Engineer: 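Pasting a structure below so you can have a look.
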Amino acid sequence: MKAGMRAPIAPIGWSIALHAVLAGLLYLGLTLPRQEPQEILLPIDAFVVDDAVLEAAGQKRRDDERVAVKEKRREEALAEERRLDEERVQKRDEEKRQAEQQRVEAEQATDKKAKAEAEAKLKADADAKRKAEQEVKTKVAADKKRADQEAKLRQEREADLRARLVDEETRTSAGYQGLKASYVRAIQAHVEQRWFEPPGVTQGLSCTIFVMQIPGGEVVGMRFGSCNGGAAVRQSIETAVRNASPLPAPPEPALFEREVELIFTPKERRR
Amino acid sequence: MILRALIVLIALTLPASQAGAQLTVQILRGMAESVPIAIVPLAWDAPGEMPWDVSATIHADLERSGRFRPLARTQMLELPRAASEVDAADWRMLKVDYVLVGRLSPLPDGRYEVRYELVSIANGQRLLGTAMPADRNALKLASHRISDAIYEKILGVRGAFATRIAYVAADGPTTKRSYRLIVTDVDGANERVVFASPEPIMSPAWSPDGRSLAYVSFHSGLAAIYVQTLRTGEQVRVSAKSGINGAPSFSPDGKQLALTLSRKDGNADVYVLTLATQELRRLTEDEAIDTEPAWAPDGRSIYFTSDRAGGPQVYNVGLGTGDRARRITFDGSYNARPRVSPDGRQIAVVTLDRGAYRIAAIDANGGGMRVLSGGQLDESPSIAPNGADIIYTTRDRGRDALAIVSSDGRIQQRISASAGEVREPAWSPYLN
């Protein structure tokens, strides 16, 4: 409560103090002494003629002569300087002219060269352009050809791949395996019926012959693999295979194999 | 560029992977019964008749062997005279595998020349190409030799068409029997009597050179073993011991004879007789009957029949000192009369098979018995020098016949029939 009473009194105190200070300052300004302007005394310019004056005149003449000589020399120096300047200018001009001429000549030479070069370039450019056009044409043709070939190959490859995938699917199926077994049995019976087994010389025989067939079963080639049989046994096998052509057709076209491996391993006869 | 290389690479690897997926087929037996062949009549350019139909002889030989099926002449579309004239396509159409062509021409010296070529239709190869000179009366033998060569080229073993058979024939009523030792060509031709007697003749055996026969004859009243030279007819008595003198068998070198003797004790045992010295060596000493010796081809041991175990079985005894006989056959109650194949690996025997006596083959160690013949009373097997066939006698409803069976049993044939008895055929060695 006490503090609240004091707060409004402080600004009023400050205001009274400020007014007092301002009033004091105003009084002082009015009462300060003024500084009065002082009088300035100038020296007087006057001379006296006497010997000294004459002497001074002679001196003045000599001085004048000196001055003239000085002036003359100064002028001469100036002329010399001007001449030198002129010479410099002339020289500079000459240099400038020569430079200009050189420049012009150089420029002319450059122009000529440039022109020749330009002409050559133009020609070269034309040639290059023609050549480039030709190349482009050739390249386009080659690219097209290659692209065509690749596309054809790719198509064939894809078709082949598709066929083989289908083939693979078929191959792994149980039905296919059964068909394959019956195909193998058909070939076995077909060849066995046509093989005259030379008596007495086929004991322990193991003879492999690779038979190449084409669709339709026609035998187009054969070659012996490992074979421990003599000439007559080989002859009998070759004849049997030849007579077995055409080989039986597969029950399913996918079963066809170009190469058939026939292994002649007769079981010993027991009656 | 790389792409193209890649494509090429893939293209190259593809067929290889496909080749891996090939079919594999096992061929376990040959079912073809015989080889189709065409024996084209030999060309004959000289005037007059051909002195001998060589082609017909070859045709008959091959047909008789059972392993060939010669094409009838009337079915031939053409008669090529040389391999170069053989049109494979035509013969293939006729389902012929081999073609024999050639010609017969007279030589300035009065002999003849047979030129012949054998062509394989399967591959066009010329398998044979030979010129053979022959006397007029040797043309038949030349024909058999050509058959031998064809047989060997196609079947892998030499043919035995130029060999002979010796056998014993007995005719006449029991009170007046007549016995003959006969030798014929294997095709039944050229039959001739080597020795005849009113007393029994038994067990003919060929010498290894084919020039002599050993046999048992009772013509002196008692059993004795004789060796007779065929060309001269000279007969030499080599064994006339008391008791049994039987079952002679030549050693492979022809210098010794294995035989059965009973001597004084009356018990049949196997002995070896050295012909030049008459030195006798006893091989078996057993109270049982030991008989029917047969030499192994290596000359180191002898197979024989013995009933020491009760019934007849085949045994083998080495010729070294102290070698003991060991039994070979164990299949069945009766195995007798062993004959060894030329390679020493097979033995032909008579076996009792389901109540019938039949010819069987066994391995030399006694295993793997195969019954080959199908008669009721088949006896006396003898193996051809090429090992391919076995000749034996078969009796059917009182008639005897010589029969041949292939060593694998596939081919069986009777080659002669007789009103009387036909006994103990012996197949000759190769006759060169």
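Small disclaimer: the values here were computed from a predicted structure and weren't measured. Here is how names work: the chains are called A, B, and so on, in the same order as the sequence lines, proteins then strands, and each is numbered from 1.
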Engineer: What residue, out of A/Leu262, A/Ile237, A/Val233, has the most heavy-atom pairs lying under 4.5 Å from chain B?
Structural biologist: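 Highest number of heavy-atom pairs under 4.5 Å: A/Leu262.
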Engineer: Under 4.5 Å, heavy atom to heavy atom: which of residues 153-161 of chain B reach chain A? Give them by number, or say none.
Structural biologist: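 The list, in residue order, reads B/Lys153, B/Ile154, B/Leu155, B/Gly156, B/Val157.
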Engineer: On a heavy-atom basis, which atom in B/Ala32 and which in A/Arg194 lie closest, and how many Å separate them?
Structural biologist: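 It is CB-C, 4.0 Å.
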Engineer: Once rounded to the nearest 0.5 Å, what's the spacing between atom CD of A/Gln235 and atom CG of B/Asn123?
Structural biologist: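 Atom-to-atom, A/Gln235:CD and B/Asn123:CG are 5.0 Å apart.
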Engineer: Provide the closest heavy-atom pair for A/Gln193 versus B/Met31 in the form atom of the first, atom of the second, distance.
Structural biologist: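 Between these two residues, the closest heavy atoms are CA-CB, 3.7 Å.
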Engineer: Between A/Arg258 and chain B, which part of the residue has a heavy atom less than 4.5 Å away: side chain, backbone, both or neither?
Structural biologist: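 A/Arg258 has no heavy atom closer than 4.5 Å to chain B.
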Engineer: Would you list the atom pairs, donor with acceptor, under 3.5 Å between side chains in residues 205-228 of chain A and any protein atom, with sequence neighbours excluded?
Structural biologist:
residue, atom, partner, partner atom, Å
A/Gln213, NE2, A/Tyr183, OH, 3.2
A/Gln213, NE2, A/Glu257, O, 2.9
A/Arg223, NH2, A/Glu259, OE2, 2.9
A/Asn228, OD1, A/Ser206, N, 2.9
A/Asn228, ND2, A/Gly204, O, 3.0

Engineer: Report which part of B/Leu127 has an atom under 4.5 Å of a heavy atom belonging to chain A: side chain, backbone, both, or neither.
Structural biologist: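 Only the side chain of B/Leu127 comes within 4.5 Å of chain A.
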Engineer: Which bit of A/Val260 is near chain B, if near means a heavy-atom gap under 4.5 Å: side chain, backbone, both or neither?
Structural biologist: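 Contact with chain B: backbone and side chain both.
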Engineer: Highest number of heavy-atom pairs under 4.5 Å with chain B: which of A/Ser245, A/Gly230, A/Pro198?
Structural biologist: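 When all of A/Ser245, A/Gly230, A/Pro198 are compared, A/Pro198 has the most.
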Engineer: Which atoms of B/Arg345 are under 4.5 Å from chain A, going by heavy atoms: the side chain, the backbone, both sets, or neither?
Structural biologist: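 The side chain, not the backbone.
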Engineer: Taking every heavy-atom pair that is under 4.5 Å apart, which of A/Ser236, A/Ala232, A/Ala231 has the most such pairs with chain B?
Structural biologist: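 Top count of heavy-atom pairs under 4.5 Å with chain B: A/Ala232.
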Engineer: Can you confirm whether B/Glu33 is buried at CD, in the sense that more than 12 heavy atoms of other residues, nucleotides or ligands lie under 6.0 Å from that atom?
Structural biologist: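 Atom CD in B/Glu33 is not packed in, count stays at 12 or less.
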Engineer: Under the criterion side chain to side chain contact (heavy atoms under 4.5 Å, CB included), I'd like the reasoning laid out for B/Leu23 against A/Ile187: C-alpha separation, chi angles, the key distance, then a yes or no.
Structural biologist: CA-CA 10 Å; B/Leu23 282 178; A/Ile187 295 175; 3.9 Å; yes
Engineer: Mind listing the closest non-hydrogen atom pair of A/Glu197 and B/Gly30 along with its distance?
Structural biologist: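 That closest heavy-atom pairing would be OE1-N, 2.8 Å.
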Engineer: To check you understand the geometry: which heavy-atom pair defines the closest contact between B/Thr24 and A/Glu261, and what is its length?
Structural biologist: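 In terms of heavy atoms, the two residues are closest at OG1-OE1, 2.7 Å.
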Engineer: I need the residue from B/Ser406, B/Ser407, B/Ser120, B/Ala388 with the largest number of non-hydrogen atom pairs under 4.5 Å to chain A.
Structural biologist: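 Looking at each of B/Ser406, B/Ser407, B/Ser120, B/Ala388 in turn, B/Ser120 comes out on top.
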Engineer: Is any side-chain heavy atom of A/Gln188 closer than 4.5 Å to a side-chain heavy atom of B/Leu28?
Structural biologist: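 In contact.
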Engineer: Sort B/Gln125 into side chain, backbone, both or neither according to what part of it lies under 4.5 angstrom from a heavy atom of chain A.
Structural biologist: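 Side chain only.
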Engineer: Should A/Val184 and B/Gln26 count as side-chain neighbours, where that means a heavy-atom distance under 4.5 Å?
Structural biologist: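 No - every pair of side-chain heavy atoms lies 4.5 Å or more apart.
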